[in-house]
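Okay, so here's the structure we're looking at.
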Amino acid sequence: MTEQNLLSKTLSNMAREARLQAGLTQEDVAERLDLHQEVYGRIERGSLLPSILTLRRLSLVLHVPADQLLGIASEHPSALTHSPPSKRDSPQVKRLIRSVRELSASRLRTLSLLISHFRRRD
C-alpha cells in the first residue's frame, strides 16, 4: 500500500468515526464544508484526499484536531524512545536505526504509520 493510500484510508476512517460521534450525516458535514455530498463521500471512502484547506475546515467542523484525522496525534516513533542499537543487532538493523534518526519529523510520522499498519497485518 502506498503512503497516499494509507493516508487516505486513515483519514477516511477517522473522519467517519468523528462524524458519527458528532451525530452528523455526510450531508451535514458536506454542507458545512461547502462541498457536494458526493465529494465528501469520496473523502470518507478513501478515494479522495482533501486539500489542506478542506482538511483544516473538516477538523473544525468535526471538532477533531487535523493531526488526529491524519492518524498521527498520539504516534511516538519507537526508534527514538528505545536504547541505542546493541552489539547483538544485525548490521541491517543498525543501518536502519541510523537512517531513521536522520529522518525529518514528517517522514518519521509517515514511517510510524507504516509500521503501525504492518503490525496490524501480522
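What you see is a predicted model; the values in this text were computed from it and never measured. When reading the values below, keep in mind they use all heavy atoms of this one structure, side chains included, and skip hydrogens, waters and symmetry mates.
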Shortest non-hydrogen contact from Pro65 to Ser59? C-CB, 4.1 Å
So, do Ser90 and Lys94 sit near enough that their side-chain heavy atoms are less than 4.5 Å apart? no
Intermediate values then yes/no, side chain to side chain contact (heavy atoms under 4.5 Å, CB included), Glu44 and Arg19: CA-CA 10 Å; Glu44 259 196 32; Arg19 175 181 59 78; 2.5 Å; yes
A side-chain contact here means heavy atoms from C-beta on lying under 4.5 Å apart; do Pro50 and Leu35 qualify? no
Using side-chain heavy atoms (C-beta onward) and a distance below 4.5 Å, is Val39 in contact with Thr54? no
Would Leu60 and Leu24 show up in the same hydrophobic cluster when neighbours are defined by side-chain heavy atoms closer than 4.5 Å? no
How far apart are the closest heavy atoms of Ser8 and Gly46, and which atoms are they? CB-O, 3.3 Å
Side chains of residues 27-34: which donor-acceptor pairs under 3.5 Å do they make with residues two or more places apart or in other chains?
residue	atom	partner	partner atom	Å
Asp28	OD1	Thr25	OG1	3.4
Asp28	OD2	Thr25	N	2.9
Asp28	OD2	Thr25	OG1	3.1

Is Arg45 salt-bridged to Glu38, going by a charged N under 4.0 Å from an acidic O? yes
Nearest 0.5 angstrom please: Thr10 OG1 to Leu70 CG, how far? 8.5 Å
Once rounded to the nearest 0.5 Å, what's the spacing between atom CD of Gln68 and atom CG of Leu11? 11.5 Å
Can you check whether Val64 reaches Leu58 side chain to side chain, under 4.5 Å on heavy atoms? no
Flag yes if more than 12 heavy atoms outside Ile52 fall under 6.0 Å of its CD1 atom; otherwise flag no. no
Enter the distance from Gln21:CD to His63:NE2 here, rounded to the nearest 0.5 Å. 12.5 Å
Would you please test Arg107 and Leu111 for side chain to side chain contact (heavy atoms under 4.5 Å, CB included) and show each step? CA-CA 6 Å; Arg107 289 182 184 237; Leu111 178 61; over 6 Å; no
Report the distance from atom OG1 of Thr110 to atom CD of Gln4, rounding to the nearest 0.5 Å. 12.0 Å
Do Ser47 side-chain atoms and Arg42 backbone N/O form a donor-acceptor pair below 3.5 Å? yes
Could you state the interatomic distance from OG (Ser12) to CG (Leu48), rounded to the nearest 0.5 Å? 11.0 Å
With a 4.5 Å cut-off on side-chain heavy atoms, are Leu49 and Ile43 touching? no
Between CG of Leu20 and CD of Gln26, what distance do you get to the nearest 0.5 Å? 9.0 Å
